K.L.:
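This is the structure I want to talk about, given as structure tokens.
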2 protein chains.
Amino acid sequence: MFNRHFPPFERHSRLFEKGDLKYVILNLLKDKPSHGYEIIRAMEDTFHGFYTPSAGSVYPTLQMLDDMGYVSSSERDGKKIYTITEEGKKFLKDQKDVIEKIKGQMKDWWGPRDHEEFHESIRELRNLGRLIHQKAHNMAPEKWKDIREAISRSCREIEDIMGKE
Amino acid sequence: MFNRHFPPFERHSRLFEKGDLKYVILNLLKDKPSHGYEIIRAMEDTFHGFYTPSAGSVYPTLQMLDDMGYVSSSERDGKKIYTITEEGKKFLKDQKDVIEKIKGQMKDWWGPRDHEEFHESIRELRNLGRLIHQKAHNMAPEKWKDIREAISRSCREIEDIMGKE
DNA sequence: TGATGGATAACGATATATCGTAACATATCA
DNA sequence: TGATATGTTACGATATATCGTTATCCATCA
């Protein structure tokens, strides 16, 4: 459902400050050698699905860390595993307070919150979107009119609640 | 917003019959040599964004067509362009009625319909989802409760309309 | 000091490819 | 003939990587 016809979630602001991503990645690799994709997934989990780092930054950052000697990579079955080096571990230790600051920011961004409730409601919305998406291609005009009106009304109502301060 | 925490649209049924995809792809290549990704996009456009073929089938099918000699590929800037061969054109011509049947099915799937209205309403839903997604991480509990209730009620209402026959 | 320009890294789009899963058609068996 | 098994391909997940865009920081200038 997310493609050029239904433009994706647009953030228009960055979650990570410039230069911070490499610390996060190194910190993850400290625990476990990983594929690029696994790093993306691990970060996604950290934010309970509400943020996903872009492959466009993760892969170049991994390459940069490799160039700097903080990470090494090996290829297996055509897939790359990245491993932190001793230099990388030393760098991490030296930058301990930067990492603590970043961790704090990540924690602040994701408040102490029961994300299951969020997931449930987003899932409800998603299921609805899915249903509409599945039926849209051959829906009767009158029914569609009713549905469109209900969608508009509902969206306005919910946005009003959210707008209230 | 579509990731493992918010499972993607699940079709659980195929749009194309087994073996039909290769005809669709060849037909597209007849008009224009393309990247795999361009073929995916062209098909997505055909269905106005309501269906997207899987890379998991498109790429192997292109490879198969290459193996069969109906398509040739050349690489430029690390990216592959697929071009229909004379054999492929002949095969297309020989299978003209199969292709007409498939075209008919595609047309039937996508009824004569003004998709702009669909897009608009899906967009509204999406914008709502986006707003929630952006605010979820630090929303006040009481407000969230109100929003959750509104979401559930709205979804039920719309699903009820859709359920009516 | 505020405005402007430039640099850079995170984000988003483009592009590739394979493996695992499931739908579904066909063959086989009772 | 209906039930079961098998094979195959579309779908979905995993995995990679680069280019174009944009947000944002920092430097420079007036």
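Protein chains get the first letters and strands the later ones, always in sequence-line order, with residue 1 at the start of each. Just so we're clear, the structure is a prediction, and the values are computed from it rather than from any experiment.
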K.L.:
Does anything in residues 57-68 of chain A come within less than 4.0 Å of DNA chain D? Heavy atoms only, and list the residues if so.
P.N.:
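Result for residues 57-68 of chain A: A:Y59, A:P60, sorted by number.
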K.L.:
Check every atom of D:dG12, C:dA17, C:dC11 against the side chain of B:A55 and return the nucleotide holding the closest atom.
P.N.:
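Nearest to the side-chain atoms of B:A55, counting from C-beta on, is C:dA17.
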K.L.:
Can you tell me how the ring of B:F16 sits relative to the ring of B:F47, calling it parallel under 30°, perpendicular over 60° and tilted otherwise?
P.N.:
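Judged by the thresholds at 30° and 60°, the geometry between B:F16 and B:F47 is perpendicular.
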K.L.:
Which listed nucleotide (D:dT16, C:dA10, C:dT16) is nearest to the side chain of A:R14?
P.N.:
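Nearest listed nucleotide: C:dA10.
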K.L.:
Could you give the OH-to-P distance, from B:Y23 to D:dT9, as a whole number of Å?
P.N.:
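So the two atoms are 11 Å apart, to the nearest Å.
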K.L.:
In whole angstrom, give the distance that lies between atom CZ of B:F16 and atom P of D:dT8.
P.N.:
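Interatomic distance, CZ of B:F16 to P of D:dT8: 22 Å.
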K.L.:
From NE2 of A:H35 over to P of D:dA13, roughly how many Å is that when rounded to an integer?
P.N.:
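The answer, rounded to whole Å, is 18 Å.
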K.L.:
Taking the side chain as everything from C-beta on, heavy atoms only, tell me whether A:S74 gets closer than 4.5 Å to A:Y82.
P.N.:
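No. Closest side-chain heavy atoms not under 4.5 Å.
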K.L.:
For the pair made of CD in B:Q105 and C1' in D:dA10, what is the distance, rounded to whole Å?
P.N.:
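It is 14 Å, rounded to the nearest whole Å.
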K.L.:
Are A:Y70 and A:Y23 an aromatic pair, judged by ring center distance below 6.0 Å?
P.N.:
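Centroid distance A:Y23-A:Y70: not below 6.0 Å, so no.
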K.L.:
Nearest-Å distance, NZ (A:K79) to C1' (D:dA17)?
P.N.:
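Rounded to whole Å, this separation is 15 Å.
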K.L.:
Work out which heavy atom in B:M162 is nearest to a heavy atom in A:K143; give both atom names and the distance.
P.N.:
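Between these two residues, the closest heavy atoms are O-NZ, 3.2 Å.
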K.L.:
Can you find a side chain N or O atom of B:K80 that sits less than 4.0 Å from OP1 or OP2 on C:dA17?
P.N.:
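B:K80 to C:dA17 OP1/OP2: side-chain N or O found under 4.0 Å.
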K.L.:
On a heavy-atom basis, which atom in B:P33 and which in B:I81 lie closest, and how many Å separate them?
P.N.:
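Of all heavy-atom pairs spanning B:P33 and B:I81, the closest is CB-CG2, 3.9 Å.
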K.L.:
Reckon B:D20 touches a base, only the sugar-phosphate, or nothing at all at heavy-atom distances under 4.0 Å?
P.N.:
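It contacts sugar-phosphate atoms only.
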K.L.:
Mapping B:G56 and A:E17 to their closest nucleotides on DNA chain C, which lands nearer the 5' end?
P.N.:
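First, find each residue's nearest nucleotide; the 5'-ward one identifies A:E17.
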K.L.:
Does the D:dT14 base have a donor-acceptor partner in the side chain of A:R41 within less than 3.5 Å?
P.N.:
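Donor-acceptor pair under 3.5 Å: no.
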K.L.:
Do A:T83 and A:L29 have side chains that get closer than 4.5 Å, going by heavy atoms?
P.N.:
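Not in contact.
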K.L.:
Nearest whole angstrom, please: distance from the P of D:dC19 to the CZ of B:R76.
P.N.:
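The distance from CZ of B:R76 to P of D:dC19 comes to 14 Å, rounded to the nearest Å.
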K.L.:
Establish, with yes or no, whether the OP1 or OP2 oxygen of D:dA13 is under 4.0 angstrom from a side-chain nitrogen or oxygen of A:Y37.
P.N.:
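Checking D:dA13 against A:Y37, no side-chain N or O comes under 4.0 Å of OP1 or OP2.
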K.L.:
Within the 4.0 Å heavy-atom criterion, would you say B:K18 contacts the bases, only the backbone, or no part of the nucleic acid?
P.N.:
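The residue B:K18 makes base contact.
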K.L.:
Do the side chains of B:K90 and B:D94 get close enough for a salt bridge, i.e. N-O under 4.0 angstrom?
P.N.:
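Salt bridge flag = yes for B:D94 with B:K90.
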K.L.:
How long is the line joining CD1 of A:I25 and C1' of C:dC11, in whole Å?
P.N.:
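Taking CD1 of A:I25 and C1' of C:dC11, I get 13 Å after rounding.
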K.L.:
Roughly, in whole Å, what's the span from CG in A:L21 to C1' in D:dT24?
P.N.:
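The distance from CG of A:L21 to C1' of D:dT24 comes to 15 Å, rounded to the nearest Å.
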